[in-house]
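See below for the structure under consideration.
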Amino acid sequence: MGSQVSKQVERRKAISTEKKVLIDLHQSSGEDYPGSDYKPSDRKNWMAELNPEKVHINKIVWPGTHDSATNKIGIPCISRPFAQCQNLSIYQQLARGTRVIDIRVQEDRKVCHGILTTYSIDVVIKDIKKFLSETQSEIIILEIRTEFGHEDPPDFDKFLEEQLGEFLIHQDEHVFGKTIGELLPKRIICVWKPRKSPQPKSGSPFWNSGQLKDNWIDTDLPSTKFDSNLKHLSEQPPVGSRKFFYRVENTATPQADNPILCVKPVTGRIHGYARLFIAQCFAKGCADRLQIFSTDFIDEDFVDACVGLTHARIEGKA
């Protein structure tokens, strides 16, 4: 018993120390970077606002959400706080400016997060179609994976093609160098990551796991996650020469050996430092590698931070 108490005391000290590291870094370095003062006038149509004929796919800093379809997961006030990473629907996230959606499914096509489930993938598709019907030039990266510990939904690729085929941008490495205008009227880059089914091949309506990569680490320590994100990002090729998407997740994850197991207070330790991270990318010389930037509980400022850097790249200022 005493050793457990001692361990928890040390854990709380470590968390407190790491939170102070980010506070001090923010105070000493600030969060200014090229484009940091830019705000889109219409987040729902921010790509259209930047001019689709000028916006190359590999110049975009894509605002994304982590575990995107968890707004209604589990049982409210009982199991939901342990798995909910977003409080907005998929449609609301897209309308707010999100352009990368992260969906995990199980055998029956229900969205899940670990052992907890929520609505069917049909709800996600309906929200995406609604958003696409209300906009003209917005491109979405839709990542769908079979959740760890689950089997692939039967014939899921056929189902997705039936539902979204008219919008799908086929797997092709030349897409990275094209503008949004050159890809329209196609609107969705769909990355399908099955556990056992064959991976999508070149020319397929779907992109595969090798074309959306990250270096996620499982930690509730904010400075550890922040530094790991910078380190792994710095090891990637610049976006101009890269033929895959690379994601950085500005999130922290509850740990079983810590008494705080709800997502929101844990991920909140790093949530407010998105702009600091981008500024540090410039300070460390790896800003030309940043591409997909994802978060829990996305807000307008996170979207603006990504769109601002995208605007600066298009204008040749970053």
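Computed from heavy atoms alone, side chains included, the values below leave out hydrogens, waters and symmetry copies.
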Same apolar cluster (I L V M F W Y, side chains within < 4.5 Å links), [X]/[Y]:
X	Y	value
Trp207	Ile144	no
Val239	Val55	no
Ile298	Ile101	no

Restricting to side chain to side chain contact (heavy atoms under 4.5 Å, CB included), what partner residues turn up for Pro40, sequence neighbours left out? Tyr38, Arg43, Trp46, Glu49, Asp304, Val307
With a 4.5 Å limit on heavy-atom distance, are the side chains of Ile140 and Trp62 in contact? no
Test the [X]-[Y] pair against the cation-pi criterion, namely NZ or CZ under 6.0 angstrom from the six-membered ring centroid and within 45° of the ring axis.
X	Y	result
Lys264	Phe297	yes
Arg109	Phe159	yes
Lys130	Tyr91	yes

Could you tell me which non-hydrogen atom of Leu184 sits nearest to which non-hydrogen atom of Ser137, and how far apart they are? CD1-OG, 3.9 Å
Would you say the side chains of Lys110 and Thr118 form a donor-acceptor pair under 3.5 Å? no
Could you verify whether a donor N or O on one side chain and an acceptor N or O on the other, from Thr224 and Glu18, lie under 3.5 Å apart? yes
Any carboxylate oxygen within less than 4.0 angstrom of a Lys/Arg side-chain nitrogen, looking at Arg96 and Asp299? no
Does a salt bridge link Lys158 with Glu162, judged by any charged N lying under 4.0 Å from a carboxylate O? no
According to salt bridge (Lys or Arg N to Asp or Glu O under 4.0 Å), does anything in residues 308-318 pair up with another residue at least two apart or in another chain? List the pairs. Lys54-Glu315
